[in-house]
Amino acid sequence: MAEGAKVIISGRNKATLEAAGRELGPNALAVVADTTDIAATEAAIKKGVEKFGKLDVVFANAGIAGGTPLGSATLEIFENVLRTNVTAVFFTVQAAVPYLNDGASIILNGSVISVLGNPGYAAYAASKAGVRAMARVMASELSPRNIRVNVVAPGAIRTPIWGAALATPDAEKAFEKRIGATTPLGRIGEPDHVSKTVLFLASDDSAHVQGQEIFIDGGSTASPAGAPIYRG
């Protein structure tokens with residue numbers, strides 16, 4: 001909003017969505033829609049376009065984790081993760097495409113989990129690898145319209161998703177120490193680290209960046225041996 005954008009946001013939780021809308025102010029439209037409900041997503045996008053006009057940026061940000069350990073994973077959880085993180089992302093973009101201005105930017109939300117091999121998260125890892133693969137195809141299809149498609153892949157970021165790990169000052173300190181020990185830059189990521197990267201990809205500053213995945217992880221995927229835990 002500080003950059004002068006008019007913003008459409010959607011989500012399942014009406015209360016938190018409306019609170020976010022109030023915080024963003026009059027140039028924001030908050031629409032209740034479950035991303036796995038394709039018709040609801042299409043309606044939300046159409047409603048936003050009717051209010052603000054055609055789209056310059058789409059950030060497909062919704063996603064869930066869901067543990068799927070080999071040997072005890074359930075089909076319900078596995079398919080729900082893929083439905084939310086892959087299918088819904090594809091159809092969100094598809095719903096937006098007719099309303100995109102030429103030269104627009106699409107940003108998908110990936111994750112370091114797609115490459116780290118974290119035990120118990122096969123479905124989540126597969127879904128985020130799928131996001132990366134989809135971005136490449138979308139970039140090929142939309143390049144004739146000069147529409148860019150890129151991925152941001154965060155590592156550990158300080159958000160409420162960590163729950164009890166950040167619930168108390170002592171827990172937060174211990175969590176930060178653990179994350180910092182395995183991250184070359186020695187710290188947990190902040191929300192601004194992600195939002196500013198998304199802003200870069202949304203803006204003309206990245207006009208020649210196409211089909212890329214940018215890891216926002218302090219070096220944990222590119223240079224894991226540089227983490228403090230490996231340093232003398």
| query | Would you say the side-chain atoms of Glu79 pair up with the backbone N or O of Thr74, donor to acceptor, closer than 3.5 Å? | reply | no
| request: Enter the distance from Asn150:CG to Arg132:CZ here, rounded to the nearest 0.5 Å. | output: 8.5 Å
| said: Treating Thr221 as the side-chain partner and Asp217 as the backbone partner, does any N or O pair qualify as donor plus acceptor under 3.5 Å? | reply: no
| query | Are more than 12 heavy atoms from other residues, nucleotides or ligands located less than 6.0 Å from atom CZ of Arg12? | reply | no
| task | Say whether Val86 and Phe90 are linked into one hydrophobic cluster, either directly or through other cluster members, by side-chain heavy-atom distances under 4.5 angstrom. | result | yes
| field | Minimum-distance pair of heavy atoms, taken over all atoms of Phe200 and Asp205 | value | CE1-O, 3.5 Å
| Heavy-atom count around Glu23 CD within 6.0 Å, excluding the residue itself: above 12? | no
| message | Rounded to the nearest 0.5 Å, what separates atom CD1 in Ile8 from atom CG in Asn27? | response | 11.5 Å
| query | Do the side-chain N and O atoms of Asp170 and Thr168 include a donor-acceptor pair separated by under 3.5 angstrom? | reply | no
| query | Sequence neighbours excluded, which residues qualify as salt bridge (Lys or Arg N to Asp or Glu O under 4.0 Å) partners of Asp102? | reply | Arg145
| task | Give a yes or no answer on whether the side chain of Ser105 reaches the backbone of Leu201 with a donor-acceptor pair at less than 3.5 Å. | result | yes
| query | With a cut-off of 6.0 Å (strictly less than), are more than 12 heavy atoms of other residues, nucleotides or ligands near CG of Asn13? | reply | yes
| request: Flag the pair Met134 / Val137 as yes when at least one side-chain heavy-atom distance between them is below 4.5 Å, and no otherwise. | output: no
| remark: So CD of Glu213 and CZ of Arg136: to nearest 0.5 Å the spacing works out to 8.0 Å
| field | Any donor-acceptor N or O pair under 3.5 Å, side chains Ser206, Arg148 | value | yes
| message | Counting only heavy atoms not in Lys54 (residues, nucleotides, ligands), do more than 12 fall under 6.0 Å from its NZ? | response | yes
| message | Just so I know, are the side chains of Val89 and Thr35 near enough to count as touching, which here means a heavy-atom distance under 4.5 Å? | response | no
| field | Asp37 side-chain N/O to Ala40 backbone N/O, donor-acceptor pair under 3.5 Å | value | yes
| Verify same cluster id: Ile64, Phe78 (apolar side-chain graph, 4.5 Å) | no
| How long is the gap from CG on Leu108 to CG on Asn61, to the nearest 0.5 Å? | 10.0 Å
| query | Would Val151 end up clustered with Val209 when hydrophobic side chains under 4.5 Å apart are linked, directly or stepwise? | reply | no
| message | Donor-acceptor pair, distance only, cut-off 3.5 Å: does the side chain of Ser114 make one with the backbone of Gly110? | response | no
| Atom pair CG/CZ of Leu24 and Arg22 - distance to nearest 0.5 Å | 11.0 Å
| request: Taking the side chain as every heavy atom from C-beta outward, state whether Ile107 and Val57 have any pair of such atoms under 4.5 Å apart. | output: yes
| message | Any heavy-atom pair between the side chains of Leu55 and Asn101 that's under 4.5 Å? | response | no
| Do Ile45 and Leu17 sit in the same hydrophobic cluster, where Ile, Leu, Val, Met, Phe, Trp and Tyr count as joined when their side-chain heavy atoms come under 4.5 Å apart? | no
| query | Would you say the side-chain atoms of Asn85 pair up with the backbone N or O of Ser127, donor to acceptor, closer than 3.5 Å? | reply | no
| Below 4.5 Å, heavy atoms only, C-beta onward: do Tyr124 and Asn118 meet side chain to side chain? | no
| field | hydrophobic_cluster_shared for Ile216 and Ile106, side chain cutoff 4.5 Å | value | no
| message | Show the nearest heavy-atom pair for residues Ala65 and Tyr121, with the distance to one decimal. | response | CB-CE2, 4.3 Å
| query | Which distance, rounded to the nearest 0.5 Å, do you find between the OG of Ser220 and the CG of Leu116? | reply | 5.5 Å
| message | Could you work out, with salt bridge (Lys or Arg N to Asp or Glu O under 4.0 Å) as the rule, every residue matching Arg158, not counting sequence neighbours? | response | Glu172, Glu176, Glu190
| remark: Taking every heavy atom of Phe91 against every heavy atom of Ile38, the minimum-distance pair comes out as CB-CD1, 3.5 Å
| field | Nearest heavy atoms of Val152 and Pro154, plus distance in Å | value | O-CD, 3.5 Å
| message | Using every non-hydrogen atom in the two residues, find where Ala88 and Thr84 come nearest and quote the distance to one decimal. | response | CB-O, 3.3 Å
| said: Taking Asn109's backbone N and O only, do any of them form a donor-acceptor pair with Lys128's side chain (distance below 3.5 Å, no angle check)? | reply: yes
| Shortest non-hydrogen contact from Arg187 toward Thr183 | O-CG2, 3.7 Å
| request: Flag the pair Ile77 / Asn80 as yes when at least one side-chain heavy-atom distance between them is below 4.5 Å, and no otherwise. | output: no
| task | Answer yes or no: is there a donor N or O on one side and an acceptor on the other, between the side chain of Trp162 and the main chain of Ala167, under 3.5 Å? | result | no
| task | Answer yes or no: is there a donor N or O on one side and an acceptor on the other, between the side chain of Arg231 and the main chain of Gly226, under 3.5 Å? | result | yes
| Test item: Ser223 side-chain N/O and Gly219 main-chain N/O as donor-acceptor pair under 3.5 Å | no
| request: Kindly determine whether Ser195 and Asp192 satisfy side chain to side chain contact (heavy atoms under 4.5 Å, CB included), including the steps that lead there. | output: CA-CA 5 Å; Ser195 63; Asp192 275 359; 3.6 Å; yes
